[in-house]
**Q** 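One structure, as structure tokens, below. Some questions next.
To find a chain, count down the sequence lines: A is the first, B the second, and so on, and within it residues start at 1. What's counted below: heavy atoms across the whole structure, side chains too, no hydrogens, waters or symmetry copies.
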4 protein chains.
Amino acid sequence: MHHDVKKVVLAYSGGLDTSVILKWLQDTYQCEVVTFTADIGQGEEVEPARKKAIALGINPDNIFIDDLREEFVRDFVFPMFRANAVYEGEYLLGTSIARPLIAKRQIEIANQVGADAVSHGATGKGNDQVRFELGYYALKPDVTVIAPWREWDLLSREKLLAYAEKHGIDISKKKNGGSPYSMDANLLHISYEGTVLEDPAQEPEEDMWLWTCSPEQAPDEAEYIELEYKGGDIVAINGTALSPAAVLTKLNQLGGKHGIGRLDIVENRYVGMKSRGCYETPGGTIMLKAHRAIESITLDREVAHLKDELMPKYASMLYTGYWWSPERRMMQAMIDASQSTVNGWVRLKLYKGNVIVVGRESKTDSLFDPTIATFDEDGGAYNHADAAGFIKLNALRMRIAANARVKRG
Amino acid sequence: MHHDVKKVVLAYSGGLDTSVILKWLQDTYQCEVVTFTADIGQGEEVEPARKKAIALGINPDNIFIDDLREEFVRDFVFPMFRANAVYEGEYLLGTSIARPLIAKRQIEIANQVGADAVSHGATGKGNDQVRFELGYYALKPDVTVIAPWREWDLLSREKLLAYAEKHGIDISKKKNGGSPYSMDANLLHISYEGTVLEDPAQEPEEDMWLWTCSPEQAPDEAEYIELEYKGGDIVAINGTALSPAAVLTKLNQLGGKHGIGRLDIVENRYVGMKSRGCYETPGGTIMLKAHRAIESITLDREVAHLKDELMPKYASMLYTGYWWSPERRMMQAMIDASQSTVNGWVRLKLYKGNVIVVGRESKTDSLFDPTIATFDEDGGAYNHADAAGFIKLNALRMRIAANARVKRG
Amino acid sequence: MHHDVKKVVLAYSGGLDTSVILKWLQDTYQCEVVTFTADIGQGEEVEPARKKAIALGINPDNIFIDDLREEFVRDFVFPMFRANAVYEGEYLLGTSIARPLIAKRQIEIANQVGADAVSHGATGKGNDQVRFELGYYALKPDVTVIAPWREWDLLSREKLLAYAEKHGIDISKKKNGGSPYSMDANLLHISYEGTVLEDPAQEPEEDMWLWTCSPEQAPDEAEYIELEYKGGDIVAINGTALSPAAVLTKLNQLGGKHGIGRLDIVENRYVGMKSRGCYETPGGTIMLKAHRAIESITLDREVAHLKDELMPKYASMLYTGYWWSPERRMMQAMIDASQSTVNGWVRLKLYKGNVIVVGRESKTDSLFDPTIATFDEDGGAYNHADAAGFIKLNALRMRIAANARVKRG
Amino acid sequence: MHHDVKKVVLAYSGGLDTSVILKWLQDTYQCEVVTFTADIGQGEEVEPARKKAIALGINPDNIFIDDLREEFVRDFVFPMFRANAVYEGEYLLGTSIARPLIAKRQIEIANQVGADAVSHGATGKGNDQVRFELGYYALKPDVTVIAPWREWDLLSREKLLAYAEKHGIDISKKKNGGSPYSMDANLLHISYEGTVLEDPAQEPEEDMWLWTCSPEQAPDEAEYIELEYKGGDIVAINGTALSPAAVLTKLNQLGGKHGIGRLDIVENRYVGMKSRGCYETPGGTIMLKAHRAIESITLDREVAHLKDELMPKYASMLYTGYWWSPERRMMQAMIDASQSTVNGWVRLKLYKGNVIVVGRESKTDSLFDPTIATFDEDGGAYNHADAAGFIKLNALRMRIAANARVKRG
């Protein structure tokens, strides 16, 4: 029943679950396993994964450990924020945006080492399996995908632990330091699902949150920051030029300090059910607010409205895992085309959970014209009488209709 | 050049500007003036307008003063919030939503008293002239519209004051108690434009804000509230049934107390320029967050996504004044059709500018099914293997394309 | 491996394929089979299915034969045409729109006879399996669905015939009188797939087409017809009031005579591949053209544009089988709300494949106002000067942008 | 009241109307007039305009006559057809697409000769004034626009003729050789409005149509043609490589011969009223059908659907004159990005008004995979069982909802 597999590239975190998967792959498929561990800013060391992989019998040449933080922010997070992407009005897509990068790198390694299969640790109920696998198939259409959670019978934690013990896998330090939640983290966010969160009527406990303090515990003093934009991306904070990953790292630290970016929602998964998730996206929450502010003075109205009308569709594409699809690329071409004028700075006030825009300016691309907008006399920049004709013709179709109604009584 | 007008219904606030307009209409058009003053929750007494109108020579029979607060919230604000309407990602449309009601009532009065014209005090540069006049024309296509700010030469405050003095209009207490801002208020919000706000790089001064305290000055203790929804509208707060206007009044008080609902944006006007506006929408900010939360457990995914995709268009319709258009009615029919299942309650935590959803439940209409969403074994409610086929077929078109690329080399 | 099934309702045509399925269900599931045969205008007698079912051992009480033609046109075809639904610019959704009705009726029968399963004869590669089953699941969520083509090993025609012979099923008169194509027919259309059509570079042979003559063979004389609309639906042809099914029957006859409604396309299936299909939709082709014509004088511009913008999504919903979804119902509410003014008549000229609109009028709801549209002097109905202001303000944002570009050099 | 104008560039056809305008500009504004006459394929000689301009006193250096046919098709018509643009389901935008080119060239000339104004002969009721002027303002924001039809009092034909006679303008050969219709022509189409067409209930007379024969008079023999596409544009017909203008010229000849491309509609103008127009677009009608056919095998499904969903908005942008807007450019970037794979050929049968696709193929970019689409056994290219999971998960949200309804009774 199992496919004939020779070599498989596993997305390997070094934690309990993927260690069990590693072993299970060896046992079940009798194949060579290549591990791939990426630093995408999840906040854990990735080097320890090497020792664990070796302990599980992986050939050192088959161990890949990459620092993908800059690529992650530059080529995935930033393009997404150009679109002001928000799923279902709330969710900043922190998990969604990381999966395509992992998938891409896994396939690159598979091509490099001549592997015929890839594997991941996502469950059969969630969105992540879709996000991984759509990426795999789009980039390497003939690849064999092994999703152990959909195949094996280790569906309870007890069985998993038993399997681990039996095979000598270290279970002393459980993933997430013993947090009961199902979690995922990267430079953009950390997510929490499961256990008590499965009742949407219940408030999450304060000690669940790991990255941000609560607004109550945040400083009593507000902090002002200034973000500089170039082509729709942040290139400097408070006058200091920073790389994409450094920008997000810095904003995470600022947001976390000021209790910014917590989210508690019920969302609609691609596989069909509603689920409750909690998220911390401190830097991303700041970025969204700031990007809208710089766009507000540098984007044409209709361009901005078109972006707003298409955003939900773009956000859904990312949420459901279609980053590598032709329709996402096509839409990205349009979004990126809109950002060449998005240059300038935004000043923000951070205070106890609030991100408040207090100033925005673009020396090179502002479309805000105070001589026209002013309430004072404008020296003829705007002719008030034009408005009468504008309104009259915009109303014409409704007047004709109303007249017709009157005529017919 | 002026139309021949016999009787005009003026939207009259009793303030300096509309008093000058009243006088100017009498002088310029030599016509009978009917005044209409509405309480839509702007927070000022409306009765004083009667005495002022009489002082300006208006026949008492020609003075209409209405309390429209319930109608405003029930038939305008609530339907708009069913759509989660937000203009340009930020603005809750507080001014936009009040104009159609004023226009409708003015036309009703015009029909009642046999007036052939209507007039308003909106300037020739703003959105409000459009919102008023599209309503007038849609409801009474042959009406003559007089927009003094587009016709007269009193375009500076000095000229206006001189005209007022000359005609014995009281200028002792200037509008807004001397606030330098151009303001508009109703039960949903208060807005500020002009003067120092005309530089978007500058933060507004703290003493501009009238309805909310700053987050800094808000209580150090969070407050929990519970909102009950029926058919998408709030019907009770903390267990007490309330009328629509009472709901919004209560939420304004709660939001104002906790520093909630301040907004500072640059927006795109319908007449073509960008303008900077500041808004306080304390109750509305709470309502938007809560409505999305109750929808998150009671709306089908695709229904919710369709609403999200159409929302920007709906919001634009309201912003640009097309409330009385057939396309808005048509879209409202769809939105309202989606709300029959939006029943249940939402619990919120209000704290220093933050509106935090901490619980939501619907005994009658929840689509959240914990037996399916659970991370624990689900007793067969969901078959993990289904996901493999789901992904395979969703990926098929991308696999075919990738295979074709490979084949062609 | 097979579910435990007690009683199954089979969509039974009486043809070879579904007769084999009937037998296979009995053998494989050892369950009671209920047959359901519907006349939806496919042009074959349905009564013979009764004898065949009895011959295969079906209890006469378990045989359901319904004439659904009126319901089909009234509640499915007509609502769809109100939306001007066209999939991928060409396809009039003839097969798509029939499946939801079959599914609904099957479930009604299942509930009536206490069946726990339903079955259909659609293959595992096509759209129809999805359309049937989404309907089943939406209307009876716990039903067991048996799709023999996805389960059995009779995947070639040879095996199927062998099975039929072995079980004494009549194979003398093959389905479609020996046509080599895979076909589907109902009152709206007939479709052809397979064999030589699998090469999209090849023109179909003339003798494939069953319902229409070729344009070449159509009469040399054009024929004029007049359709009367009420609420967006056709209620009379050439002055004679007709029921929905009679309308479509008549238009099929007229279209077929004049060589109207042939279509040859490559379309994108929901399950991921492209397929080539040929269709004859004589009456539907006339209806689409006529409906747009009556709407052109009775619908407001923005209503019409909103319908046009949403149409592709609506058409996709139908194509992919989501008729019974909440999002389709929600969208239908909007479409139907737009049709109350769609009253009047349209005159058409039919000639050798062409449907030419030659006149349209609405005594009650026309928004065409000749006094305004005229090139002659209009007596002030339209003020040319209004256009200057209209254009000036619509251009303002582009002028501001161009000025800003100039200023910056 | 008239602006102070020194030099004006007039879009000059050489006909009566623009000759009167020329004279009227000289008289009214006392300014230097520069004439611009373009050959965009309207089918009339443009050189005679030179003599007429000279006769009206224009300095030969101020006479510009350009052949813009290649630019017109290459940079305007072809990009528009990449989008499959159709306005209100019917109109191929023949007039709309020419105006932006005229406007652009007029502004180039204005910049070259140092003119401060531009002028055109479009009336105050139509769309063309908007299309011209939005172009002018977008490209030269400070330009003065003179629209004589909105300013003068020559609003009847009698007054116009009287003015012409008084100023010695040749009225012997009236525009359009005496056609009573208001017409506009270019390489893409010819349009007719006015007189008897102002009653939408009346069929146009046969002798109105100038470019196409009627289907009745078209040849009794069908003609097959083959179009070759590269990057979404036609580059060859029947194996002969042709320039863009030559492609359209050839297709016009073919379409005209076979009675293809007549259209008779009531459309919604941007300025608010409905108007009735008849159009002949022989080549364009062929191009639209063929472009959809080549896309049907070379575009991904979701890319095609996204194009279809956005098309009405794109078509509206062109119809209403926003070619030079940032939102059109942004959308064009997306459309063009989709066309790189649109390569191959389409074979068509032309017969008495019908354009019938009879074959399409792409050696390099076809996404049609017969091994997957086939009804025969496919050797495992497609796994039927995948469909079960696909359907199950797509149905899940509806099953959960139905279950919830059942549970609540």
**Q** Side chain, backbone, both or neither: which part of B/Tyr270 has a non-hydrogen atom closer than 4.5 Å to chain A?
**A**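 Both parts, backbone and side chain.
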**Q** Chain B: which of A/Lys307, A/Glu221, A/Lys289 shares the most heavy-atom pairs with it under 4.5 Å?
**A**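 Of the options given, most contacts go to A/Lys289.
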**Q** Do A/Glu361 and B/Gln202 have side chains that get closer than 4.5 Å, going by heavy atoms?
**A**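 No - every pair of side-chain heavy atoms lies 4.5 Å or more apart.
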**Q** Has the side chain of A/Tyr382 got a donor or acceptor atom that lies under 3.5 Å from a matching backbone atom of B/Gly124?
**A**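 At least one qualifying donor-acceptor pair exists.
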**Q** Can you tell whether the side chains of B/Asp386 and A/Lys125 come within less than 4.0 Å, N to carboxylate O?
**A**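 A/Lys125 and B/Asp386: not salt-bridged.
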**Q** Given that the side chain runs from C-beta out, which part of B/Arg262 has a heavy atom under 4.5 Å from chain A: side chain, backbone, both or neither?
**A**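 The answer is neither part of B/Arg262.
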**Q** How close do A/Asn354 and B/Pro215 get, heavy atom to heavy atom, and via which atoms?
**A**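 Closest approach of A/Asn354 to B/Pro215, heavy atoms only: ND2-CB, 4.1 Å.
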**Q** Counting only heavy atoms closer than 4.5 Å, note whether A/Ser325 contacts chain B via side chain, backbone, both or neither.
**A**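 Interface part for A/Ser325: both.
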**Q** Tell me which of these, B/Ala304, B/Ala385, B/Ala388, B/Ala401, has more heavy-atom pairs under 4.5 Å with chain A than the rest.
**A**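 Of B/Ala304, B/Ala385, B/Ala388, B/Ala401, B/Ala388 has the most heavy-atom pairs under 4.5 Å with chain A.
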**Q** Do B/Arg276 and A/Phe368 make a side-chain contact, defined as non-hydrogen atoms from C-beta onward lying under 4.5 Å apart?
**A**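 Counting from C-beta outward, B/Arg276 and A/Phe368 do come under 4.5 Å.
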**Q** Do the non-hydrogen side-chain atoms of A/Pro326 and B/Arg397 ever get within less than 4.5 Å of each other?
**A**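 Answer yes - side chains close enough.
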**Q** In this structure, are over 12 heavy atoms from other groups packed under 6.0 Å from B/Glu206 atom CD?
**A**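 Count over threshold, so yes.
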**Q** If we only count heavy atoms from C-beta on, is the A/Val130 to B/Asn394 side-chain gap below 4.5 Å?
**A**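 No, their side chains stay 4.5 Å or more apart.
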**Q** I'd like to know if the side chain of B/Tyr137 reaches the main chain of A/Ala402, judged simply by a donor and an acceptor atom lying under 3.5 Å from each other, with no hydrogens or angles considered.
**A**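 Absent.
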**Q** Could you give the distance from CD1 (A/Ile391) to CZ (B/Arg131), rounded to the nearest 0.5 Å?
**A**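 Those atoms lie 11.0 Å apart.
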**Q** For the residue pair A/Ala138 and B/Arg405, what are the closest heavy atoms and their distance?
**A**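 Of all heavy-atom pairs spanning A/Ala138 and B/Arg405, the closest is O-NH2, 3.8 Å.
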**Q** Please state whether the side chain, the backbone, both or neither of A/Glu226 comes within less than 4.5 Å of a heavy atom of chain B.
**A**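 Contact with chain B: none, neither part.
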**Q** Does any heavy atom of chain A fall under 4.5 Å from the side chain of B/Trp149, the backbone, both, or neither of them?
**A**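 Answer is backbone: N, CA, C or O of B/Trp149 sit under 4.5 Å from chain A.
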**Q** Return the minimal non-hydrogen interatomic distance between B/Leu299 and A/Asn268, and the atom names on each side.
**A**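 Heavy atoms only, the tightest pair is O-OD1, 4.5 Å.
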**Q** With a 4.5 Å cut-off on heavy-atom pairs, point out which of A/Glu133, A/Lys140, A/Glu216, A/Met311 contacts chain B the most.
**A**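 That would be A/Glu216.
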**Q** Given a strict heavy-atom distance threshold of 4.5 Å, which part of B/Lys349 is in contact with chain A: side chain, backbone, both, or neither?
**A**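 Only the side chain of B/Lys349 comes within 4.5 Å of chain A.
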**Q** Which one of B/Ser296, B/Gly359, B/Pro312 has the most heavy-atom pairs closer than 4.5 Å to chain A?
**A**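 The candidate making the most pairs under 4.5 Å is B/Ser296.
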**Q** Minimum heavy-atom separation for A/Gly89 to B/Arg292, with atom names?
**A**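 Reported closest heavy-atom pair: CA-CZ, 3.6 Å.
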**Q** Please look at B/Arg301 and chain A and tell me whether the side chain, the backbone, both or neither of the residue comes under 4.5 angstrom of a heavy atom of that chain.
**A**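 Both backbone and side chain.
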**Q** Please identify, among A/Val357, A/Leu396, A/Val271, A/Leu367, the residue contributing the most non-hydrogen atom pairs under 4.5 Å to chain B.
**A**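 The residue among A/Val357, A/Leu396, A/Val271, A/Leu367 with the greatest pair count is A/Leu367.
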**Q** Roughly how far, to the nearest 0.5 Å, is the NE2 atom of A/His384 from the CD atom of B/Gln129?
**A**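 Nearest 0.5 Å value for the CD-NE2 distance: 8.5 Å.
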**Q** Under 4.5 Å from any heavy atom of chain A, what part of B/Ala293 do you find: side chain, backbone, both or neither?
**A**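 When you check distances to chain A, no heavy atom of B/Ala293 falls under 4.5 Å.
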**Q** Distance from B/Asp308 atom CG to A/Glu309 atom CD, nearest 0.5 Å?
**A**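 Reported to 0.5 Å precision, the distance equals 13.0 Å.
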**Q** Is B/Glu302 in contact with chain A via its backbone, its side chain, both, or neither, using a 4.5 Å heavy-atom distance?
**A**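 Neither part.
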**Q** With only heavy atoms counted, which part of B/Ala147 is less than 4.5 Å from chain A, the side chain, the backbone, both or neither?
**A**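 No part of it gets close to chain A.
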**Q** Less than 4.5 Å to any heavy atom of chain A: does that hold for the side chain of B/Glu267, its backbone, both, or neither?
**A**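 Contact with chain A: none, neither part.
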**Q** Any side-chain donor paired with an acceptor under 3.5 Å for B/His305 and A/Glu88?
**A**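 The criterion, which ignores hydrogens and geometry beyond distance, is satisfied for A/Glu88 and B/His305.
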**Q** Is A/Trp345 in contact with chain B via its backbone, its side chain, both, or neither, using a 4.5 Å heavy-atom distance?
**A**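 Contact with chain B is through the side chain of A/Trp345 alone.
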**Q** Salt bridge or not for B/Arg360 and A/Asp264, using N-O below 4.0 Å?
**A**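 Yes.
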**Q** With a 4.5 angstrom heavy-atom cut-off, could you sort out which part of B/Tyr224 is near chain A: side chain, backbone, both or neither?
**A**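 For B/Tyr224, the side chain is the part near chain A, not the backbone.
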**Q** Tell me which of these, A/Ala395, A/Ser366, A/Gly259, has more heavy-atom pairs under 4.5 Å with chain B than the rest.
**A**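 With the most close heavy-atom pairs to chain B, the winner is A/Ala395.
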**Q** Can you say whether B/Ala222 sits under 4.5 Å from chain A via the side chain, the backbone, both, or neither, judging by heavy atoms?
**A**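 Only the side chain of B/Ala222 comes within 4.5 Å of chain A.
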**Q** Examine whether an atom of A/Arg150 lies under 4.5 Å from a heavy atom of chain B, and if so say whether it belongs to the side chain, the backbone or both; otherwise answer neither.
**A**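 Answer is both: backbone and side chain atoms of A/Arg150 are under 4.5 Å from chain B.
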**Q** Calculate, to the nearest 0.5 Å, the distance between atoms CG and CZ belonging to B/Leu139 and A/Arg399 respectively.
**A**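 One gets 13.0 Å once the value is rounded to the nearest 0.5 Å.
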**Q** From B/Asp369 CG over to A/Glu198 CD, what is the distance, rounded to the nearest 0.5 angstrom?
**A**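 These two atoms lie 11.0 Å from each other.
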**Q** How long is the straight-line distance from NZ of B/Lys352 back to CG of A/Asp220, given to the nearest 0.5 Å?
**A**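 If we round to the nearest 0.5 Å, A/Asp220:CG and B/Lys352:NZ are 7.0 Å apart.
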**Q** Please look at A/Tyr351 and chain B and tell me whether the side chain, the backbone, both or neither of the residue comes under 4.5 angstrom of a heavy atom of that chain.
**A**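 Contact with chain B is through the side chain of A/Tyr351 alone.
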